[in-house]
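Report on the following structure.
Computation of the quantities below employed the complete heavy-atom set of this structure, encompassing side-chain atoms and omitting hydrogens, waters and symmetry-equivalent molecules.
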Amino acid sequence: MSDARTRQNRRKGVSERAPGVLRGAFDERALTERSVGHGIRRGGQFSWRIISGVIAVSLSFVLVMFFVTDFFYIRSVEVAGTNFLTAAEVFRYADIAEQHVFWINPETVRENILQSSPVIADVSVTVRWPPNAVRIVIEEREAALIWIQAGVIALVDVHGRVLRFPREGVDPLPEGLITVNAVDTGDGPPGGDVLVDTDAINGALQLQNLLPGITALSYNGVDGLGFREPGGWDVWLGTGTDMRNKLLIYDALTANLQARGITPQEINVADPTAAHYCCQATSGG
């Protein structure tokens, strides 16, 4: 009978499975830990949302510090390599006072400085973290001689450019430079539109090498460079780089005059093809 009923149920598709029964206590804690993916996990670990929030707050604080505090605004610079210029002058030429360090372009600063002073031959600019955020290394042009004209003292390079006007009695003059005192030029102080004659500069430098005992020369627009001999006469040698030959002519002329017992007041070799003396002071015999 039971076998017949079983076969009948199978034909009808009735399942013989018994209903599921939950055995044991219901573990709500395990279900909660598996279902919830946020909040505090076991072991005290924070979720990524909390960590992201901390990072965002920290970045906001850093940005406020960068752009609100005075620490990143330029009020001075570190300067190296200068002899004639001061750090204050270089800072003024750089034109970056009160700018934020993030907005400083080193190439722009370099161009500003190069265009500001003839003393400067080259510039290197480095931007770093404060407190010495900007470092400027200057390569100065070298002064060739000291040129005095219309009562103004100027340091001049080999190209005739005025590098600086030292204040008499205040700024020390570089050692080892020959001094040229220009008179009767008809011009005002050197600098700006008043240029220093490069032929005169070249001649003065050559005379400094040929006559080591001479520390100062005179200059005028007609006779060029000259000096006063210990014997009491003036010597004029013109300008240019032919000073060696002019000195040979001068020595020969001086020896001839001394042999004849003549002491001149002036010997002029500005034009070596027409060397002459004038104004005989004394005559022997």
Answer yes or no: is there a side-chain heavy-atom contact under 4.5 Å between [X] and [Y]?
{"X": "Asn181", "Y": "Leu217", "answer": "no"}
{"X": "Pro166", "Y": "Leu155", "answer": "yes"}
{"X": "Leu225", "Y": "Trp236", "answer": "no"}
{"X": "Val109", "Y": "Val127", "answer": "no"}
{"X": "Tyr93", "Y": "Leu114", "answer": "no"}
{"X": "Leu85", "Y": "Glu140", "answer": "yes"}
{"X": "Val77", "Y": "Ile96", "answer": "yes"}
{"X": "Val235", "Y": "Tyr250", "answer": "yes"}

Closest heavy-atom pair and its distance - [X], [Y]:
{"X": "Val222", "Y": "Asn220", "answer": "N-OD1, 2.9 Å"}
{"X": "Ile214", "Y": "Ala216", "answer": "CG2-O, 3.3 Å"}
{"X": "Thr198", "Y": "Gly160", "answer": "CG2-N, 4.2 Å"}
{"X": "Asn268", "Y": "Asp271", "answer": "OD1-N, 4.5 Å"}
{"X": "Ile201", "Y": "Asp157", "answer": "CD1-O, 3.6 Å"}
{"X": "Asp223", "Y": "Ala270", "answer": "O-CB, 3.9 Å"}

Pair Arg128, Thr126 - check side-chain contact (heavy atoms from CB on, under 4.5 Å), show working. CA-CA 6 Å; Arg128 307 172 299 182; Thr126 305; 3.8 Å; yes
If you draw a 6.0 Å radius around CD in Glu266, do more than 12 non-hydrogen atoms from other residues or ligands fall strictly inside? yes
Is a donor on one side and an acceptor on the other found under 3.5 Å between the side chain of [X] and the backbone of [Y]?
{"X": "Arg110", "Y": "Ser124", "result": "no"}
{"X": "Ser117", "Y": "Val119", "result": "yes"}
{"X": "Arg75", "Y": "Glu98", "result": "no"}
{"X": "Gln99", "Y": "Tyr73", "result": "no"}
{"X": "Asn256", "Y": "Ala252", "result": "no"}

Shared hydrophobic cluster for [X] and [Y] (ILVMFWY, side-chain gaps under 4.5 Å):
{"X": "Val158", "Y": "Val196", "value": "yes"}
{"X": "Val269", "Y": "Leu248", "value": "no"}
{"X": "Ile104", "Y": "Val137", "value": "no"}

Criterion salt bridge (charged side-chain N to carboxylate O under 4.0 Å, His left out) on Asp242 and Lys246, from CA distance to verdict: CA-CA 6 Å; Asp242 193 27; Lys246 291 180 179 180; 5.8 Å; no
Can you measure from [atom1] ([X]) to [atom2] ([Y]) and round to the nearest 0.5 angstrom?
{"X": "Asn83", "Y": "Arg141", "atom1": "CG", "atom2": "CZ", "result": "14.5 Å"}
{"X": "Phe227", "Y": "Ser218", "atom1": "CZ", "atom2": "OG", "result": "10.5 Å"}
{"X": "Leu163", "Y": "Glu142", "atom1": "CG", "atom2": "CD", "result": "10.0 Å"}
{"X": "Ile249", "Y": "Thr254", "atom1": "CD1", "atom2": "OG1", "result": "11.5 Å"}

[X]: salt bridge (charged side-chain N to carboxylate O under 4.0 Å, His left out) partners, not counting sequence neighbours:
{"X": "Glu229", "result": "none"}
{"X": "Glu89", "result": "Arg164"}
{"X": "Glu175", "result": "none"}

Assess the residue pair Val90 and Ile138 against the criterion (side-chain contact (heavy atoms from CB on, under 4.5 Å)); give the C-alpha distance rounded to whole Å, side-chain angles, the decisive distance to 0.1 Å, and a yes or no. CA-CA 9 Å; Val90 175; Ile138 301 293; 4.2 Å; yes
Ring geometry between His100 and Phe72 (parallel below 30°, tilted from 30 to 60°, perpendicular above 60°): parallel
Are Tyr219 and Trp147 an aromatic pair, judged by ring center distance below 6.0 Å? yes
Phe165 vs Ile153, side-chain contact (heavy atoms from CB on, under 4.5 Å): CA-CA, chis, key distance, verdict: CA-CA 6 Å; Phe165 297 100; Ile153 303 173; over 6 Å; no
Mind checking what makes side-chain hydrogen bond (donor to acceptor under 3.5 Å, both in side chains) contact with Asn112, not counting sequence neighbours? none
What residues, two or more places apart in sequence or in another chain, satisfy side-chain hydrogen bond (donor to acceptor under 3.5 Å, both in side chains) together with Asn132? none
Can you give the donor-acceptor pairs under 3.5 Å from side chains of residues 203-211 to other protein atoms, not counting sequence neighbours?
from	atom 1	to	atom 2	distance (Å)
Gln206	OE1	Met243	N	2.9
Gln206	NE2	Thr241	O	3.0
Gln208	NE2	Gly176	O	2.9
Asn209	ND2	Leu205	O	3.4

Checking side-chain contact (heavy atoms from CB on, under 4.5 Å) for the pair Thr215/Thr179: CA distance, chi angles, key distance, verdict? CA-CA 6 Å; Thr215 60; Thr179 300; over 6 Å; no
